[in-house]
Amino acid sequence: MTDRLNVLLIGSGGREHALAYGLKKSPRLGALYVAPGNAGLLTMAEKADVSESDHAAVVAFCKANAIDFVIVGPEAPLVDGLVDSLSAAGILSFGPSKEAAQLEGSKGYTKDLCAQFDIPTAAYARFGDCASALSYLKEHPAPIVIKADGLAAGKGVTVAMSDAEAEAAVRECFDGAFGDAGAEVVIEAFLQGEEASLFALCDGKTALHLASAQDHKPVGEGDTGPNTGGMGAYSPAPVMTKALTEEVMEKIVRPTIRGMASRGAPFSGILFVGLMITDKGPELIEYNVRFGDPECQTLMMRLESDLLELLLAAAKGELEGVKANWSDDVVMNVVLASKGYPGSYEKGTVIDDLSAAEALEGVTIFHAGTAEKDGKLLATGGRVLNVCARGKSVTEAQSLAYKAVDAVRWDNGFCRRDIGWRAIAREKQAAKDS
């Protein structure tokens with residue numbers, strides 16, 4: 001028997017619950033700890049009572065508990081350099097360095113990289129003050145995209161369809177709505193097309209294509225209303241054909257890996273490639289430097305390879321020749337959120353029962369914003385539960401997912417009822433054509 005590894009997982013969301021679900025299948029997993037976790041995660045892992053922002057405490061915990069490998073889930077500790085602190089202490093970890101995490105930590109950094117290495121993306125300009133940004137808008141009318149440069153928790157991006165909306169978005173950034181994240185603003189040309197996400201596992205030299213997914217950012221049906229961190233997702237995304245996937249790897253992912261290495265900041269970890277499939281071909285909208293949330297949940301239910309071995313190969317720089325195997329099933333994730341999200345919402349509402357939903361074959365519920373108190377399951381966040389279902393088609397997965405959603409007993413929850421609508425329209429059209 002190969003040596004078992006003690007693992008510390010950093011994070012508290014649905015993504016981390018899904019990663020724990022994947023890790024638990026590995027025969028090499030020893031003890032699994034999570035910091036800080038949530039009610040669902042803590043049924044699978046032991047709580048590590050340390051803050052992800054206290055690097056010294058994380059390192060001390062690893063040494064005291066013989067941790068062999070740390071997996072960093074969220075973007076904030078990556079951008080904050082947690083991997084650098086762990087590396088300096090001789091602790092193997094999965095995720096990019098602070099410098100490489102700038103691919104998500106600064107929209108402007110990524111756009112400049114695209115310009116330098118000829119990676120297809122929307123035309124853009126960067127601004128450090130409100131007046132020059134507003135002046136630029138006069139020459140570049142809507143539709144146009146306004147982005148806070150830094151991390152804004154899935155917010156901070158406005159696709160402005162009117163000049164007034166564009167101006168308001170610029171002022172909002174510079175007025176401090178997103179804190180330091182909005183101290184600089186990137187303004188981009190508006191891209192028309194269909195969005196999709198591609199995930200690549202990287203070790204600084206090699207990029208291994210994993211899978212595709214499609215997220216649903218707006219809060220309302222038909223992609224209306226304000227943007228959220230994601231109201232649902234499914235994998236694979238039918239728009240990402242084999243040919244298109246190879247084009248993205250060749251024109252976007254591999255040049256990025258080569259470019260980052262040439263800058264002395266080799267990228268190791270997960271590259272989450274946000275794409276717009278335009279008439280001209282795929283263009284990069286943004287990079288994230290971690291598994292997506294809610295996309296990760298769909299990926300972990302489809303992954304047939306050993307997750308721990310894959311992440312270890314990336315962390316050790318040993319991805320060359322490695323393959324990942326996937327189920328052909330479609331997995332859909334419908335997010336149950338607290339009423340009011342992404343605006344203000346009540347915290348601490350009671351989730352009465354998940355057992356009927358969880359009893360359905362092919363359904364797994366991942367916790368995002370939950371806690372347990374006095375034997376009760378409480379909703380503590382905006383996005384609270386990820387109801388995931390597998391099927392042979394998007395239509396089948398969607399039907400099962402909403403059957404499970406309707407079996408959840410939580411009065412303060414709501415969801416979008418149309419997750420997967422584009423793919424279902426495609427399936428209907430294909431059935432008509434055949």
Side-chain angles (χ1 to χ4, degrees), residues 102-198 214-220 222-230 239 247-248 251-252 255-256 259 272-288 342 422:
Q102 284 298 297
L103 285 174
E104 179 168 0
S106 166
K107 310 278 192 313
Y109 180 98
T110 295
K111 298 298 280 191
D112 289 351
L113 181 95
C114 289
Q116 186 181 349
F117 296 101
D118 203 22
I119 296 163
T121 190
Y124 74 104
R126 297 177 70 172
F127 301 94
D129 68 280
C130 192
S132 52
L134 293 176
S135 171
Y136 181 84
L137 288 180
K138 288 192 171 63
E139 306 295 317
H140 299 80
I144 198 158
V145 181
I146 315 296
K147 295 181 175 180
D149 180 71
L151 293 182
K155 304 180 180 74
V157 175
T158 301
V159 180
M161 301 311 287
S162 70
D163 293 346
E165 195 183 358
E167 184 178 325
V170 165
R171 290 189 189 282
E172 189 179 33
C173 286
F174 286 114
D175 284 348
F178 309 107
D180 292 345
E184 187 173 313
V185 165
V186 174
I187 301 181
E188 292 183 3
F190 173 76
L191 294 177
Q192 194 85 40
E194 184 169 348
E195 282 192 54
S197 305
L198 177 144
Q214 195 163 51
D215 185 13
H216 300 63
K217 285 273 189 231
V219 73
D223 288 338
T224 56
N227 268 354
T228 68
V239 70
E247 188 180 353
V248 171
K251 292 184 176 173
I252 296 177
T256 297
F272 166 156
V273 190
L275 298 162
M276 185 70 80
I277 314 305
T278 72
D279 293 343
K280 292 192 295 182
E283 298 200 37
L284 180 71
I285 300 174
E286 64 175 2
Y287 277 132
N288 291 332
R422 281 193 187 85

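Between Lys147 and the options Ile285, Thr158, Ile187, a side-chain contact (heavy atoms from CB on, under 4.5 Å) holds for only Ile285.
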Stepwise side-chain contact (heavy atoms from CB on, under 4.5 Å) test for Leu137 and Ile146: CA-CA 10 Å; Leu137 288 180; Ile146 315 296; 4.1 Å; yes
Verdict with supporting geometry, Leu275 and Ile252, side-chain contact (heavy atoms from CB on, under 4.5 Å): CA-CA 10 Å; Leu275 298 162; Ile252 296 177; 3.7 Å; yes
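Within the 4.5 Å cutoff, the side chain of Cys130 has heavy atoms near those of the Val170 side chain. Looking at Glu195 and Asp223, their side chains never come closer than 4.5 Å, going by heavy atoms from C-beta outward. Taking 4.5 Å as the limit, some side-chain heavy atom of Ser106 sits within range of a side-chain heavy atom of Asp149.
Using a distance-only test at 3.5 Å, with no hydrogens or angles considered, a donor-acceptor pair links the side chain of Lys217 to the main chain of Gly229. Under a 3.5 Å cut-off, the side chain of Ser197 and the backbone N or O of Gly274 do not form any donor-acceptor pair.
Residue-environment remark: CG (Asp180) stays at or below the threshold of 12 foreign heavy atoms within 6.0 Å.
From Lys107, atom NZ reaches atom CG of Leu151 across 7.0 Å, with rounding to the nearest 0.5 Å. Interatomic distance, CD1 of Ile119 versus OG1 of Thr256, reported as 3.5 Å (0.5 Å rounding). Rounding to the nearest 0.5 angstrom, the gap separating the CG atom in Asn288 from the OG1 atom in Thr110 is 9.5 Å.
Classification of Lys111 and Glu188 as a salt-bridged pair holds, one side-chain N sitting under 4.0 Å from a carboxylate O.
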